[in-house]
Amino acid sequence: MLFLSRNFLNRYLEGEIFPDKEAKLEEFRKEYLSCSRCHLRAGCTQVVFGEGNPHTKLMFVGEGPGGDEDIQGRPFVGKAGQLLDKILEAAEIPRKKVYISNVVKCRPPYNRKPTPEEMKKCLTILAGEILIIRPKIIVLLGSTALQGTIDPKGSITRMRGKWFEKAGIKFLPTYHPGALLRDERKKRDVWEDFKKIREVYRAIEGSE
């Protein structure tokens with residue numbers, strides 16, 4: 001998986017800096033808009049690239065596009081995305097100041113969980129986004145984001161709310177907003193996580 005890759009860690013630690021991140025992201029996006037590395041592309045409308053502030057220190061990674069995202073070509077615009085917007089607003093972290101992406105960029109059939117092979121095929125794109133943006137914090141939204149990045153066998157219920165660090169990036173797994181729509185009891189846990197995120201994010205912003 002992505003962050004167990006020695007090549008990725010070495011590239012990140014080398015500190016490759018892009019002077020024009022907007023242009024580099026746009027170039028990268030165009031490169032993959034016609035991606036067909038796995039069979040998911042044949043069953044969706046379009047590739048849904050990440051979006052947001054390329055200069056941010058805070059990045060969010062979810063599972064993959066749903067129906068609304070597949071139609072609009074933007075991540076987190078459906079009901080789960082609208083809930084994420086409300087959480088960000090309550091945490092006083094404007095969405096326009098962060099970058100939001102997914103492990104897979106094409107909608108799996110019937111919104112099923114992507115397979116490990118599908119994630120592996122798609123992680124090249126997420127790796128590229130991270131290498132360009134160079135965030136200091138990455139929030140992993142849900143078990144797929146956790147397993148597709150830092151721990152293939154990770155349990156979101158066991159690892160939620162705990163900080164992990166790799167290559168100088170702080171990772172915090174929490175529940176996906178979609179899980180909160182299915183079980184409102186998880187909202188309290190997520191809010192506690194977002195208070196931690198806000199604290200660390202403000203500290204990083206204040207130190208630069």
Side-chain angles (χ1 to χ4, degrees), residues 1-2 21-54 56 58-89 93-133 135 138-149 152 156 173-184 186-187 190:
M1 290 299 181
L2 175 61
K21 292 185 178 183
E22 290 89 347
K24 187 63 180 178
L25 273 176
E26 180 62 17
E27 175 188 333
F28 192 68
R29 186 182 71 86
K30 289 180 178 178
E31 179 183 350
Y32 284 99
L33 280 180
S34 58
C35 177
S36 58
R37 299 180 65 183
C38 76
H39 60 274
L40 288 181
R41 182 66 184 90
C44 70
T45 303
Q46 57 189 313
V47 177
V48 180
F49 206 70
E51 70 171 24
N53 184 349
T56 189
L58 176 56
M59 182 173 180
F60 291 83
V61 177
E63 178 177 297
D68 292 309
E69 290 78 13
D70 186 44
I71 292 170
Q72 297 187 41
R74 298 178 57 216
F76 282 89
V77 293
K79 291 183 178 179
Q82 292 164 20
L83 179 54
L84 177 60
D85 288 348
K86 291 179 180 178
I87 298 171
L88 287 170
E89 183 179 356
I93 304 172
R95 175 165 173 153
K96 65 182 180 181
K97 288 191 174 183
V98 306
Y99 191 89
I100 301 176
S101 192
N102 283 301
V103 171
V104 298
K105 313 301 187 188
C106 291
R107 181 193 182 193
Y110 308 106
N111 290 346
R112 65 161 172 76
K113 182 177 178 178
T115 66
E117 184 61 27
E118 289 163 351
M119 288 192 282
K120 185 177 180 180
K121 292 281 188 180
C122 211
L123 282 171
T124 299
I125 306 178
L126 180 61
E129 291 175 299
I130 294 170
L131 287 170
I132 294 168
I133 295 166
I138 297 180
V139 179
L140 304 172
L141 300 170
S143 61
T144 299
L146 169 63
Q147 294 166 4
T149 54
I156 191 65
T174 191
Y175 293 123
H176 191 284
L180 276 59
L181 294 173
R182 297 187 293 271
D183 183 359
E184 291 194 355
K186 291 182 169 64
K187 287 185 176 180
V190 170

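- A pairwise comparison of heavy atoms in V98 and I93 identifies CG1-CG2, 3.6 Å as the closest pair.
- Within the model, atoms CD1 of I132 and NZ of K21 stand 9.5 Å from one another, a figure rounded to the nearest 0.5 Å.
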- For side-chain contact (heavy atoms from CB on, under 4.5 Å), just list the numbers for L25 and I133, CA-CA rounded to whole Å, side-chain angles, deciding distance to a tenth of an Å, and then say yes or no. CA-CA 9 Å; L25 273 176; I133 295 166; 4.2 Å; yes
- Pair L126-T149, side-chain contact (heavy atoms from CB on, under 4.5 Å): steps then yes or no: CA-CA 10 Å; L126 180 61; T149 54; 4.1 Å; yes
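- Between F60 and L88 there is a side-chain heavy-atom pair separated by less than 4.5 Å.
- You'll find the ring centres of H176 and F76 inside the 6.0 Å limit.
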- Under the side-chain contact (heavy atoms from CB on, under 4.5 Å) criterion, do V104 and M119 qualify, and how do the steps go? CA-CA 6 Å; V104 298; M119 288 192 282; 4.1 Å; yes
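- When atom types are taken as modelled, the side chain of N111 and the backbone of G66 share no donor-acceptor pair closer than 3.5 angstrom.
- The distance from atom NZ of K105 to atom CG of L40, rounded to the nearest 0.5 Å, is 13.0 Å.
- Ion pairing of E51 with R95 is present here, as a side-chain N (NZ or NE/NH1/NH2) and a carboxylate O approach within less than 4.0 Å.
- Annotation for S143 and K113: closest pair OG-NZ, 4.1 Å, computed over non-hydrogen atoms.
- Under the 4.0 Å criterion applied to side-chain N and carboxylate O atoms, E118 and K121 are not assigned as salt-bridge partners.
- Here the rule is side-chain contact (heavy atoms from CB on, under 4.5 Å) with L146, and of L140, L141, T174 only L140 fits it.
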- Message: Pair K86, E89 - check salt bridge (charged side-chain N to carboxylate O under 4.0 Å, His left out), show working.
- Response: CA-CA 5 Å; K86 291 179 180 178; E89 183 179 356; over 6 Å; no
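- Across every non-hydrogen atom of I125 and F28, the tightest pair is O-CE2, 3.3 Å.
- Taking CD of E69 as the reference point, atom CG of N102 lies at 7.5 Å (rounded to 0.5 Å).
- Across G148 and L123, no two heavy atoms sit closer than the pair O-CD1, 3.2 Å.
- For the atom pair NE2 (H39) and SG (C106), the distance works out to 10.5 Å, reported to the nearest 0.5 Å.
- Summarising the local packing, NZ of K186 is surrounded by more than 12 heavy atoms from other residues, nucleotides or ligands at distances under 6.0 Å.
- The closest side-chain heavy-atom distance from L58 to P135 is not below 4.5 Å.
- Closest approach of P177 and A80 over heavy atoms only: CB-O, 3.3 Å.
- For P75 against G50, the heavy-atom pair with the smallest separation is CG-CA, 4.2 Å.
- Salt bridge status for E117 with K120: absent, with no side-chain N to carboxylate O gap under 4.0 Å.
- In this structure, CD1 in I100 is found 10.0 Å from CE in M59, a value given to the nearest 0.5 Å.
- Atom CD of residue E129 and atom CZ of residue F49 lie 4.0 Å apart, to the nearest 0.5 angstrom.
- Side chain of T56 to backbone of K97: a donor-acceptor contact under 3.5 angstrom is found.
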